[in-house]
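When reading the values below, keep in mind they use all heavy atoms of this one structure, side chains included, and skip hydrogens, waters and symmetry mates. Everything quoted here is computed from the prediction, not taken from an experiment.
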Amino acid sequence: MTTVRIPEHWPATEEQARAVQDELRERVILDEPGPPPGTGHVTGVDVAYDDERDIVAAAAVVLDASSLEVVAEATAVGRVPFPYVPGLLAFREIPTVLAALDALPLPPGLVVCDGYGLAHPRRFGLASHLGVLTGLPTIGVAKNPFTFAYDDPDTPRGSSSALLAGSEEVGRALRTREAVKPVFVSVGHRVTLAVACAHTLALTPEYRLPETTRRADALCRRALRDTYPA
DNA sequence: GCGACAG
DNA sequence: ATCTTGTCGC
């Protein structure tokens, strides 16, 4: 497993971090459809924290998009590089996630993040940030609506409704399991919202959350306890 | 000013 | 995110 250091010029204040977002936001690509769902590789990334020891562990798990079988995985650990501030989550996760992605023996294909992309106070969430830095197509699938408004989607799996920032649709509330709380899908980089939702449905044949994030979540937790046992 | 707020 | 037992159900 890779060990990472905090990058030299990583933002130290919220003001600096917001300035980085405002700068990088210009590079987001929103007019590409993205890879077709059900083909190629799809990679889930996630992180786990040990606040006591100031440690963060990241995992990247590559799945075959049609069988959802694991094709490759990698992990990385490092110091937590930024405090949790709503809207600045990416600065906590990105260095370690990048290291895990770099350690993969294969191209990741589409990357599925645990959080938001466009659905963000400055329209530049974790998935957008990771996409711009890697050039990879990315989407965000979050478990909560954050500050955004939405109407409850219809009961059947596959139903969806707009995730709204005022009157602007920044994502979709997507029902991945009948009558179960929806997930909140937003575009990261080089993927369309419709395609992002299609991928999310393809990744949730059984559970509310995408297989990608379920696998990545399990792996980064394992990496954390294997590396720094209680 | 106060509360809410991805993970 | 993380702290945490049992419990209901497939």
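A:Tyr116 and A:Phe148 have perpendicular rings, their planes meeting at more than 60° on a 0 to 90° scale where under 30° would count as parallel.
Checked options A:Glu23, A:Arg27, A:Arg25; the residue passing with A:Phe124 is A:Arg25 (criterion: side-chain contact (heavy atoms from CB on, under 4.5 Å)).
Summarising the geometry, atom CD1 belonging to A:Ile139 is positioned 7.0 Å from atom OG1 belonging to A:Thr212; distances are rounded to the nearest 0.5 Å.
Comparing C:dT2, B:dG7, B:dC5 against the side chain of A:Glu93 picks out B:dG7 as the nearest. Between B:dC5, B:dG7, B:dA6, one nucleotide has an atom nearer to the side chain of A:Thr147 than all others, and that is B:dC5.
Side chains of A:Thr75 and A:Arg222: no donor on one and acceptor on the other come within 3.5 Å.
The distance from atom CG of A:Leu88 to atom C1' of B:dC5 is 12 Å, rounded to the nearest whole Å. Separating the OH atom of A:Tyr84 from the P atom of B:dA4 is a distance of 14 Å, rounded to the nearest angstrom. With rounding to whole Å, A:Phe184 atom CZ is found 15 Å from B:dG7 atom C1'. The nearest whole Å value for the distance from the CG atom in A:Leu89 to the P atom in B:dA4 is 20 Å. At whole-Å resolution of the value, CG in A:Asp114 and P in C:dT2 are 10 Å apart. Rounding to whole angstrom units, CG of residue A:Leu163 and C1' of B:dC5 are separated by 14 Å. C:dC10 atom C1' lies 11 Å from atom CD of A:Glu206, rounded to whole Å. What separates CG of A:Asp217 from P of C:dA1 is a distance of 7 Å, to the nearest Å.
Residue-level contact check: A:Gly87 touches the bases, meaning some heavy atom is under 4.0 Å from a base atom. Using a 4.0 Å heavy-atom distance criterion, A:Ala48 is classed as a sugar-phosphate-only contact.
OP1 and OP2 of B:dC5 both lie 4.0 Å or more from every side-chain N or O belonging to A:Asn144. Phosphate contact (OP1/OP2 of C:dA1, side-chain N/O of A:Arg221, threshold under 4.0 Å): present. Between A:Tyr49 and B:dG7 there is no side-chain polar atom (N or O) within less than 4.0 angstrom of OP1 or OP2. Residue A:Lys143 places no side-chain N or O under 4.0 Å from the OP1 or OP2 atom of B:dA6.
A:His199 has its side chain out of reach of A:Val112: every pair of non-hydrogen atoms, C-beta onward, lies at least 4.5 Å apart.
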